[in-house]
2 protein chains.
Amino acid sequence: MTKPSVVDVARIAGVGASTVSRVLNNHPNISDQTRQRVLSAIETVGYTPNLNARSLRSGQTQAVSVLLPMTGTPFYDTLLTAIHGVLDQHGYDLALFPLLGAQRIRRFKDPGALLYRADGLLISSQNPEVLYGSRPPFNKPIVLVDAHHPQYHSVHFNNVAAGRMAAELTLSRHLPVVLLDVPVRPGDLESPVFLERRAGVLDVLQRHGITPIVTLQAPASIEGGRDAAQQLLDWAHPHPVAPFFMVALSDDLALGVQRHLLSAGLHAGRDYLLMGFDGSAAAAEAGITSVAQPVAQMGRTAADVLLGALEGQLKTITQRTFAPTLQEAPSTQALTLM
Amino acid sequence: MTKPSVVDVARIAGVGASTVSRVLNNHPNISDQTRQRVLSAIETVGYTPNLNARSLRSGQTQAVSVLLPMTGTPFYDTLLTAIHGVLDQHGYDLALFPLLGAQRIRRFKDPGALLYRADGLLISSQNPEVLYGSRPPFNKPIVLVDAHHPQYHSVHFNNVAAGRMAAELTLSRHLPVVLLDVPVRPGDLESPVFLERRAGVLDVLQRHGITPIVTLQAPASIEGGRDAAQQLLDWAHPHPVAPFFMVALSDDLALGVQRHLLSAGLHAGRDYLLMGFDGSAAAAEAGITSVAQPVAQMGRTAADVLLGALEGQLKTITQRTFAPTLQEAPSTQALTLM
DNA sequence: TAAATTTTTGGCAACGTTGCCAAAGTATGC
DNA sequence: GCATACTTTGGCAACGTTGCCAAAAATTTA
C-alpha cells in the first residue's frame, strides 16, 4: 500500500482533486457539506500532503535554515527560541545547520546542500570565513543575526557601545580599573565581540586619560574568571589588593572572579566593584552588574526582517543595531571608602 | 529570468532532456562528446538541479534529520561530527532539530513537520516524552543514539557497566568511598545516564558490603564539582579529611572537585583518589581517571545502522551497546599510606 | 418562468526530474 | 553486403500538488 494522495482522497470523497486541494488550503467558496466529506475522507485514508510536490508546485518550502556554531550557550537557546516563535507563527519551520569544524565550511559552497532547501537563511556566526568568503550560492533572503556585514541584512548588538557604557560606569566610581579581557584563541580568528567591547571600554577610558592598572586575560568561562582572579591575587601579592573596579568582558568571567575572590574573603560591592557583559540570569542572581544584550528581542527582530524580505520583498539592505542596557546590581554600588 | 532547468540545458546542448539527466546522474553509455557538451551547457546557464522535483520523482530526499537537545557539550560536537562524516560519504546531508523546551515537543506530532522531510531520523535524546510518547508520524528508519528503547534501533552506552567498572577500581584501593551524584533537576525527569551509572556503582559496592561514607549531590558541571568539594570540606570539619576515593558521576564534576580541593592543599592521587565519567580530554589533561565512552565510534555506528536500515532494509531491531573503557591517570594511583 | 448572477465544482496543465521504451546510430560477424 | 548485436539517444509519462478556466449548480432578479 502506497501513501495516499489527493486523488485517493478525492475518489473516496466523491469529489475532484482540486476540491480536496481547496479544502486543504482553506479556500473560500466550499460548501460545508463537501468540506466535511473531504475532511472525513482525509481522516479515513490517513492522508498527509507530500511536501516535495507542494514545494515543487509552489516554489516555496516554508522552511528557514539557520547556520550557527555548535556552542550550546544559553545565548543560542534564547535566540533560537525567539526566532522559532516568530517564524512558527507565520508557518515557517526551522532547521539548524551547525558549523562543524573549519573544513566543513566548504560544504556551504555546494548549491545543492540541504541548507539551501529553504526560503530564507539566518546566519548567526562570527566566523569570518562564513561572512567574508564568497556569498552563499543562494539567491533568497539572508539575514545575519548577532553579526554584521554591509552586504547582508543584519541584526546585531552594538558591542562598542556596550564597552563604552561599562567604561562610563567605571569612571563614575573613581577607582583603579582592572580589565579582564579574553585572549585570541590560537588558530582562530578573533571574535569581533570581545574586540569591540574592549575597544569601547578603552576608548572612553583613554578620552579621560585613564589606563587600566592591570589587564588580565582568560578564556570566557567561569573557570577562566577564577584563573584571572588568582592572577590578580598573585599580581597584587604581597601588597594588599586595593579597592578597584573590574570590568570583565563577559558575565561568566565576572562570575568566576566573584566566586574566587570570595574564597579570599573579598566581597564584590564591598571590597571591590565588578561588572560583566551579556545580562545573563546568572549574573543577576549573583548580584553582578552587567551590560545587557536584548537577545530574545534580537531574535524576534531577525525573524521579522527575514519575513519582510521573504514576503514584502524589501529591496534595500536592513541593518538593525541594538543598544546595550545597564542591568545594575550590588556589585557596582559606590564603595564607602575609609 | 527564471532558474534554468534540464530542458534549458538540453536546448543549449542540443540534446534531449533525459540525456542531461543521464549526465547528471553519471549513467553509463554516454559518449564523451555529448557529456562534454552537456557539461559546458550546464556551466553556461548556471544550472543547479531542483531538489524538490528530484525528491518528488525519486521519493527520497538524501537527507537525515537529527533530533537532539540544545546542550552544546563537546559530547554532541564529537557525536555529530562522526555521524556527519559517515552519512556525508554516502551522499546524505544532515539537518538538526533542537528540542527547544518541553512544549515544543508537541510539534513532533505533526507529520508535515520539516523534521520528517528526510529519509531517516536520528534521535539523541534522553527525554522520556520523546522516547516514550507516541511514535513519531514517520514510517521511515529511526535510530536512537545514546539512548535506548526496545522498539527502536538503538546505539547506546552501557552506563551501568560503566558504573560497575568504576566501583571495581574503587574496591581495589581499599579506601572509604565518596560518591558524587547528580541530583534530579526539578520539573525534569531524571536523565537515565546518571541513574544507570549510580546503579552500577552501588550494585558492585553493595555486593561487597560497602556503603559510601558520604554521598554528595551537585549539578553536573565544574562549578557543581567545586560546590561538592566545599560540601565535603564542611562535612569533614573539624575532622581532617581522611584519605578517600571519590567517584564523581561526570568528568566535569571531578574536575571541579580537583580544582577546589587543590586550593585546600589536597592533591588528587596524593591525598585522595578521584575518578570521573566520560573520558573527556579535559579529565585526561588534568590527570583524572575516567570511565570512557567511545562517542565518535557510537556516532559512526549509529550512522551505519541508519544506512543499513535505509538501504538494506534490515527488518529486525538492531541494538548496539558499547562497553566502557578505563582511561587511567594519576588521580587513582594507589596511595602510599603512612 | 426565464434570464442574469453568483457560488461551487471538476478537468487540465504545469512545476522539474528521471525511468522506461523504442528508435536511431555504430560496430561486429557471417 | 546484410543480419545481428550493442551503444547511444530522444520522447513520453509520471511523481503529487495547485492555479486557472470553464462548466455545473444554486441563487437572485425581472
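A, B, ... follow the sequence lines: proteins, then strands. Residue 1 opens every chain.
- Using a 4.5 Å heavy-atom threshold, the side chains of B/L96 and B/L80 count as touching.
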Provide a list of protein-nucleic acid N or O atom pairs under 3.5 angstrom, restricted to nucleotides 4-6 of chain C.
none

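- Residue contacts shown for B/S58 are absent, as no nucleic acid heavy atom lies under 4.0 Å away.
- In this structure, B/L56 places its CG atom 14 Å from P of D/dA14, rounding to the nearest Å.
- Rounding to whole angstrom units, CD of residue B/Q60 and P of C/dG19 are separated by 11 Å.
- For B/S5, the listed nucleotide lying nearest its side chain is C/dT17; candidates were C/dT17, C/dT9, D/dT17.
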Completion exercise
Given Watson-Crick and G-U pairs under 3.5 Å, DNA chain D in dot-bracket ([ ] crossing, | other strand) is ||||||||||||||||||||||||||||||
Please output the side-chain donor-acceptor pairs of residues 135-147 of chain B that fall under 3.5 Å, not counting sequence neighbours, one pair per line with the distance.
{"residue": "B/R135", "atom": "NH1", "partner": "B/Q151", "partner atom": "O", "Å": "3.4"}
{"residue": "B/K140", "atom": "NZ", "partner": "B/A118", "partner atom": "O", "Å": "3.3"}
{"residue": "B/D146", "atom": "OD1", "partner": "B/Q293", "partner atom": "NE2", "Å": "3.4"}
{"residue": "B/D146", "atom": "OD2", "partner": "B/Q126", "partner atom": "NE2", "Å": "3.3"}

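- The stretch residues 14-32 of chain B touches DNA chain D through B/G14, B/V15, B/G16, B/S18, B/T19, B/R22, B/N29, B/I30, B/S31, each having a heavy atom within less than 4.0 Å of the strand.
- Atoms CZ (A/R11) and P (D/dG16) sit 12 Å apart, rounded to a whole Å.
- Heavy-atom distances under 4.0 Å link DNA chain D to A/Y47, A/P49, A/N50 of residues 39-51 of chain A, given in residue order.
- Between A/T19 and A/R37, the side chains place no donor N or O within less than 3.5 Å of an acceptor N or O (distance only, hydrogens not considered).
- Not counting sequence neighbours, the partners of A/D8 by the salt bridge (Lys or Arg N to Asp or Glu O under 4.0 Å) test are A/R11.
- Atom NZ in B/K3 sits about 9 Å away from atom C1' in C/dG16, given to the nearest Å.
- Under the 3.5 Å distance criterion, with hydrogens and angles disregarded, a donor-acceptor pair is assigned to the side chains of B/S31 and B/T34.
- Taking all atoms of both residues into account, the shortest heavy-atom contact from A/A113 to B/L51 is O-CD1, 4.5 Å.
- For the pair A/Q33 CD and D/dA25 C1', the interatomic distance rounds to 12 Å; values are reported in whole Å.
- Inspection of the B/N158 and B/T321 side chains reveals no N or O donor paired with an N or O acceptor under 3.5 Å.
- Contact annotation for B/T34: backbone-only contact, meaning every heavy-atom pair under 4.0 Å involves sugar-phosphate atoms and none involves a base.
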